[in-house]
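Accompanying notes for the structure given below.
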Amino acid sequence: MHIDELMQDNLDLVFGERDATRRLAAIRRIYDADAELHEPHRSARGHQAICDAVGDLLAHLPADFGFTAIRPASGHNGLGRLQWRAGPPGGPPAATGVDVAHVEGGLIRALHVFLDQDDI
């Protein structure tokens, strides 16, 4: 899988999915079984823990709040980077940031989420 497709799927099908069953199915397709998610204030390891962490994040956001890529992801040598914005459709971004993924065998092995300082 191309790095842009993998990271866009993560943004749309994981961080954009409020239904836990569908989100977990997507995680199983695009994350390694022992993958790690690192956010500024917590980390999670494994499919279910990642699903729960994203679900907790989404539960604290308005229902129309979404994540969109600012530009296509880029990467090389097992690392990928995707810049994103988050907020209501058509509105100003409430937050912006960058996801950095370590990819092995076409699956995300680790995802590090960075928030832009102005948004903290």
Mind checking whether [X] and [Y] have side chains closer than 4.5 Å, heavy atoms only?
{"X": "D32", "Y": "I108", "result": "no"}
{"X": "M7", "Y": "L11", "result": "no"}
{"X": "I30", "Y": "L13", "result": "no"}
{"X": "V100", "Y": "L111", "result": "no"}
{"X": "L82", "Y": "V98", "result": "no"}

| Residue pairs passing the side-chain hydrogen bond (donor to acceptor under 3.5 Å, both in side chains) test where at least one lies in residues 45-54, sequence neighbours excluded | D34-R45, Q48-D52
| field | Under 3.5 Å side-chain donor-acceptor pair for E39 and H41 | value |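 Not at all, the side chains of E39 and H41 share no donor-acceptor pair under 3.5 Å.
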| field | Pairs meeting criterion salt bridge (Lys or Arg N to Asp or Glu O under 4.0 Å) with involvement of residues 61-86, two or more places apart | value | none
Nearest non-hydrogen partners of [X] and [Y], listed with the distance:
{"X": "D19", "Y": "R22", "result": "OD2-N, 2.9 Å"}
{"X": "H2", "Y": "D4", "result": "ND1-N, 3.0 Å"}
{"X": "F65", "Y": "A94", "result": "CE1-CB, 3.6 Å"}
{"X": "A44", "Y": "A53", "result": "CB-CB, 4.1 Å"}
{"X": "F67", "Y": "F15", "result": "CD1-O, 3.6 Å"}

Measure the [atom1]-[atom2] distance between [X] and [Y] for me, rounded to the nearest 0.5 Å.
{"X": "R109", "Y": "E104", "atom1": "CZ", "atom2": "CD", "result": "6.0 Å"}
{"X": "H76", "Y": "I3", "atom1": "NE2", "atom2": "CD1", "result": "10.5 Å"}
{"X": "T96", "Y": "D116", "atom1": "OG1", "atom2": "CG", "result": "3.0 Å"}
{"X": "L107", "Y": "L6", "atom1": "CG", "atom2": "CG", "result": "7.5 Å"}

| task | List in chain and number order the residues that pass side-chain hydrogen bond (donor to acceptor under 3.5 Å, both in side chains) with R18, two or more places apart in sequence or in another chain; answer none if no residue qualifies. | result |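 Here no residue qualifies.
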| message | Suppose the criterion is ring-ring contact (aromatic ring centres under 6.0 Å, His included): which pairs have a residue in residues 18-38, not counting sequence neighbours? | response |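 For residues 18-38: H38-H112.
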Please tabulate, for the side chains in residues 54-62, all donor-acceptor contacts under 3.5 angstrom to protein atoms that are two or more places apart in sequence or on a different chain.
residue : atom : partner : partner atom : Å
D56     : OD2  : R42     : NH1          : 2.8
H60     : ND1  : D56     : O            : 2.7

| message | Quick check on the hydrophobic clustering: are V14 and L24 connected, directly or via other members, by side-chain heavy-atom contacts under 4.5 Å? | response |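 Looking at the clustering, L24 is in a separate group from V14.
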| Is V103 reachable from V113 through a run of hydrophobic residues whose side-chain heavy atoms are each under 4.5 Å from the next? | yes
| query | Under the salt bridge (charged side-chain N to carboxylate O under 4.0 Å, His left out) test, which residues partner D99, sequence neighbours left out? | reply |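 D99: no salt bridge (charged side-chain N to carboxylate O under 4.0 Å, His left out) contacts found.
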